[in-house]
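Keep in mind the model is a prediction, meaning the values are calculated, not measured.
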Amino acid sequence: MGAQRNVLPILFLALISFLTHSVLTQRVTINSQTERRALLDLRSSLGLRGKDWPIKTDPCTTWTGIRCQNGTVTNITVSGLRRTRIGRLYPRFNVDSLVNLTRLISFNASGFPLPGSIPDLFGNRLVHLEVLDLRSCNISGSIPSSLGNSFRLSSLYLSNNNLAGSIPSVLGELKNLKSLDLSINSLTGSIPSSFGSLINIEKLQLSSNYLSGSIPLSLSSLKALKVLNVSDNNLSGSIPVQFSNLSKLLELDLSKNSLYGSLPVEFTMLKSLQKMIIENNELDGRLPVDLFSNLVELQVVDLSGNKLDGNVNGSFWSMPNLTFFDVSNNNFSGHLPAPSSNHSVAPGAVFNLSNNLFYGTLDFSLGMFKFIDVSGNYLQGIVNDGDRNASVNMNCFHRPNQRSLDDCRIFYNERGLHFDNSGAPPSTAAKSSSGSRRWIFILAGVLGGLGFILVLVLVLVLLLRRYNTGLMNQRRSTDIGPVRESDSAPQLPKDPTNVSGSGDPFTYEQLLRATGNFSDTNLIKHGHSGDLFRGILEGGIPVVIKKVNSSSFKKESYTTELELFRKLSHTRFIPLLGHCLEHETDKLLVYKYMPNGDLANSFYRAINSDDDSLKSLDWITRLKVATGAAEGLCYLHHECNPPLVHRDIQASSILLDDKFEVRLGSLSEVHCQEGDTHQKVLTRLLRKP
């Protein structure tokens with residue numbers, strides 16, 4: 001009886017457990033059916049492959065990127081997944097079925113193309129959402145104000161998209177937000193002062209936009225802030241002194257703006273700071289004396305490209321964690337302080353002190369550094385260290401590649417300083433050496449020019465020989481049926497969207513998205529046969545798209561070129577990737593993007609953003625371009641039967657790829673030379689108006 005009494009409670013508990021499990025299982029089944037339908041709809045709208053989301057299996061256990069808790073979907077990650085072929089042809093931001101996933105906590109589509117605007121459902125319907133990651137998704141439009149309703153949101157990543165407009169101030173109401181990344185977009189306006197209410201924010205990244213105005217003082221109240229990056233904008237004003245209250249700040253990047261004033265003395269209170277990057281602004285004045293001695297955690301310091309002046313305290317040499325120190329292109333002056341000892345220099349650190357006004361002799365060896373750049377100053381004396389770990393050009397040292405003696409004397413005399421040029425070569429010898437170098441350069445230029453002319457003559461001789469051979473073999477050539485003078489408008493197949501041999505067919509909507517609705521910002525130029533636009537296809541493939549409006553251009557502007565590509569193929573032609581002829585008036589041709597543009601723009605290139613100096617192509621590259629253009633024209637003239645003439649060869653028609661290989665463009669004017677009359681000879685040599 002005792003044993004039976006002990007068994008009864010166990011059976012009772014087992015029965016209760018079974019009934020409870022049955023009820024829970026029934027509820028999960030009901031919920032999972034609704035959510036399963038939602039996931040299937042999402043699979044269809046995003047065009048995901050069955051390999052990643054197999055339709056006949058349980059999403060919670062086998063679908064890639066799906067996580068569940070108690071049978072309810074909580075996390076969706078499509079980042080890294082691939083679309084089907086149809087999905088790749090028609091990508092879109094359609095995630096309406098997410099509204100049925102009422103317990104969704106995280107949605108991560110980083111790197112997954114979602115062209116279109118951000119739907120309001122993320123803020124209005126997904127009340128449990130904590131993480132929204134839409135980085136690098138090709139999103140456009142503005143940031144919806146509805147995101148301000150996502151009160152549980154802790155991480156919002158929208159960087160590297162095409163977002164425009166101002167930042168909604170309601171985002172400052174997201175009290176649980178810890179990380180906000182809106183960098184690398186086209187956002188305008190000012191930084192909302194409401195961001196000062198993000199009491200839990202740890203990372204605030206707004207870099208590479210077009211934000212203007214001053215930095216809000218309210219940001220200084222973000223006690224939890226660890227990373228602040230507002231670089232590469234149009235911000236102005238002074239740096240808020242109150243930033244000294246950000247005691248947990250680890251990284252501060254204010255670079256590439258128009259900030260002015262001095263660096264606040266109160267910055268010495270940022271004891272936790274590891275990275276201080278304020279390059280390329282308008283800061284002036286002296287650095288706080290104890291700045292580097294107090295900020296011992298600093299690893300990266302970049303104050304280059306400002307107007308800072310005065311002396312530099314030598315404590316920066318011995319910051320224990322330092323890896324990079326750059327104060328170049330300022331107005332710092334005085335003697336360059338020496339490290340207290342070889343052991344006090346931060347091991348492995350790189351120092352850049354170039355292009356300032358430091359003078360005097362060096363009281364330390366440059367060999368103790370991993371690398372140091374002191375070029376562009378007025379340091380004097382003798383330097384015995386090698387160049388492998390130091391750059392010392394354009395100083396007043398007793399060695400080659402330095403400033404002139406007159407320049408050094410003037411600098412030292414203006415400051416009442418003593419210039420010691422003992423050991424320096426006499427000025428006459430320096431002038432003689434300079435004159436010798438000048439004659440060497442002149443002689444090298446003359447010989448190089450003569451060499452180029454000689455090579456060009458040899459190329460012409462070879463082409464003439466090839467021409468004579470071509471004339472002998474022309475009748476034996478295979479008829480490729482080129483574009484004829486009489487056939488100014490070749491007959492295309494009945495289906496205008498499937499032109500055999502003319503690349504892939506694209507939809508008009510695809511090319512609209514690729515060019516931002518053919519916006520003026522993507523316009524390259526107005527050509528005589530159509531307008532050229534830059535474009536980015538799905539997957540980040542850069543292309544050039546010619547838009548031919550039938551009301552503005554003749555039909556031959558695209559039919560001749562399509563016929564040519566259908567019948568001819570040569571490596572010296574610009575690759576035709578595809579076409580779109582479905583639109584009533586706008587006919588589109590898609591070409592491979594040429595990184596170096598055309599010869600007209602590449603012959604002279606800017607080499608310095610600070611001035612207007614230009615550098616022409618070297619002679620080897622010029623010869624490469626000339627030979628490539630000759631090969632393309634030789635093919636048209638001598639290897640086609642009947643021969644063809646380009647009729648529009650000019651610098652803008654010679655395109656250059658990333659290796660400066662020639663690709664001939666402007667092929668819409670190609671015509672046949674067969675059956676010349678006096679009129680046709682003139683027509684062959686002159687481009688159509």
Side-chain angles (χ1 to χ4, degrees), residues 79 109-115 117-118 132-144 147 155-169 171-172 177-193 195 198 201-216 219 222 225-237 239-240 243 249-260 274-283 300-306 324 326 329 515-516 519-522 534-536 540 542 595 609-610:
S79 176
S110 175
F112 188 87
L114 293 171
S117 57
I118 302 174
L132 179 59
D133 192 344
L134 301 176
R135 288 174 286 189
S136 305
C137 291
N138 198 25
I139 299 170
S140 56
S142 58
I143 301 174
L147 286 177
S155 299
L156 177 59
Y157 304 106
L158 304 178
S159 63
N160 198 21
N161 284 293
N162 300 312
L163 295 172
S166 58
I167 302 175
S169 59
L171 294 184
L177 202 61
K178 292 184 177 181
S179 183
L180 175 62
D181 189 353
L182 307 179
S183 59
I184 318 178
N185 281 289
S186 299
L187 299 172
T188 56
S190 58
I191 300 175
S193 59
F195 278 10
L198 299 173
I201 194 77
E202 296 180 356
K203 293 183 178 181
L204 180 57
Q205 297 172 298
L206 308 175
S207 63
S208 299
N209 282 287
Y210 299 97
L211 301 175
S212 56
S214 59
I215 301 175
L219 297 186
L222 304 178
L225 192 63
K226 296 180 180 179
V227 176
L228 175 61
N229 188 346
V230 295
S231 64
D232 196 14
N233 279 288
N234 299 321
L235 299 174
S236 58
I239 301 174
F243 273 10
L249 193 64
L250 301 177
E251 298 181 15
L252 176 65
D253 193 343
L254 310 177
S255 61
K256 299 178 182 177
N257 283 289
S258 299
L259 302 174
Y260 53 80
Q274 297 177 359
K275 293 183 180 180
M276 180 170 62
I277 305 174
I278 318 180
E279 60 163 323
N280 291 329
N281 279 284
E282 302 292 331
L283 298 181
V300 175
V301 177
D302 192 346
L303 303 175
S304 62
N306 284 284
F324 183 77
D326 190 349
N329 296 291
T515 59
S519 64
D520 291 339
T521 57
N522 288 322
R534 300 181 188 86
I536 302 293
S609 60
D610 295 333

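- In terms of heavy-atom proximity, S79 sits nearest to S110 at OG-O, 2.6 Å.
- Under the 4.5 Å side-chain criterion, counting only non-hydrogen atoms from C-beta, L180 is in contact with F195.
- For S179, the side chain to side chain contact (heavy atoms under 4.5 Å, CB included) partners at least two apart in sequence or on another chain are S155, Y157, K203.
- Heavy atoms only, all atoms of each residue included: S169 and P192 are closest at CA-CB, 4.1 Å.
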Worksheet entry | Worked check of side chain to side chain contact (heavy atoms under 4.5 Å, CB included) between I167 and I191 | CA-CA 7 Å; I167 302 175; I191 300 175; 5.7 Å; no
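- Without hydrogens or angle criteria, N138 side chain to P115 main chain gives no donor-acceptor distance under 3.5 Å.
- Considering L211, L206, L254 as possible partners of L235, the one that fulfils the side chain to side chain contact (heavy atoms under 4.5 Å, CB included) test is L211.
- No donor-acceptor pair under 3.5 Å is formed between the side chain of N329 and the backbone N or O of S304.
- Between the side chain of N281 and the backbone N or O of N306 there is no donor-acceptor pair closer than 3.5 Å.
- Between L134 and A109, the closest heavy-atom pair is CD2-CB, 4.1 Å.
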Practice prompt. Verify side-chain hydrogen bond (donor to acceptor under 3.5 Å, both in side chains) between S136 and N160, making sure each step is shown before the conclusion.
Written response: CA-CA 5 Å; S136 305; N160 198 21; 2.8 Å; yes
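- Closest approach of R135 to S159, counting heavy atoms only: CG-OG, 3.1 Å.
- Under a 3.5 Å cut-off, the side chain of D302 and the backbone N or O of F324 do not form any donor-acceptor pair.
- Residues E251 and K226 form no side-chain contact, since every pair of their non-hydrogen atoms from C-beta on lies 4.5 Å or further apart.
- Remark: R534 CZ to N522 CG distance equals 7.0 Å, nearest 0.5 Å.
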Discussion item. Apply side chain to side chain contact (heavy atoms under 4.5 Å, CB included) to residues I239 and I215 and explain how you reach the verdict.
Written reply: CA-CA 7 Å; I239 301 174; I215 301 175; 5.6 Å; no
Fill in: Trace of the side-chain hydrogen bond (donor to acceptor under 3.5 Å, both in side chains) decision for N234 with S212
CA-CA 5 Å; N234 299 321; S212 56; over 6 Å; no
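- The residue from N229, V230, D232, L182 that alone fulfils the side chain to side chain contact (heavy atoms under 4.5 Å, CB included) condition with S208 is D232.
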Item to complete: In sequence, state the C-alpha distance, the side-chain angles, and the governing distance for L249 and F243, and then conclude on side chain to side chain contact (heavy atoms under 4.5 Å, CB included).
Response: CA-CA 9 Å; L249 193 64; F243 273 10; 5.8 Å; no
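- A donor-acceptor pair is defined here as one N or O able to donate and one able to accept, closer than 3.5 Å; such a pair exists between the side chain of N185 and the backbone of S183.
- Separating the CD atom in Q274 from the CG atom in L252 is a distance of 12.5 Å, to the nearest 0.5 Å.
- Looking at heavy atoms from C-beta onward, I278 lies in side-chain contact with L283 at the 4.5 angstrom threshold.
- In this structure, the separation between CG on L198 and NZ on K178 is 13.5 Å, given to the nearest 0.5 Å.
- Judged as a side chain to side chain contact (heavy atoms under 4.5 Å, CB included), and not counting sequence neighbours, the contacts of I536 are P542.
- Listed for the N161 side chain is a donor-acceptor partner under 3.5 Å among the backbone atoms of C137.
- A donor-acceptor pair under 3.5 Å is absent between the side-chain atoms of D181 and the main chain of L158, judged by distance alone.
- The closest donor-acceptor contact from the side chain of N209 to the backbone of N233 lies at 3.5 Å or more, if one exists at all.
- Between the side chain of D253 and the backbone N or O of S231 there is no donor-acceptor pair closer than 3.5 Å.
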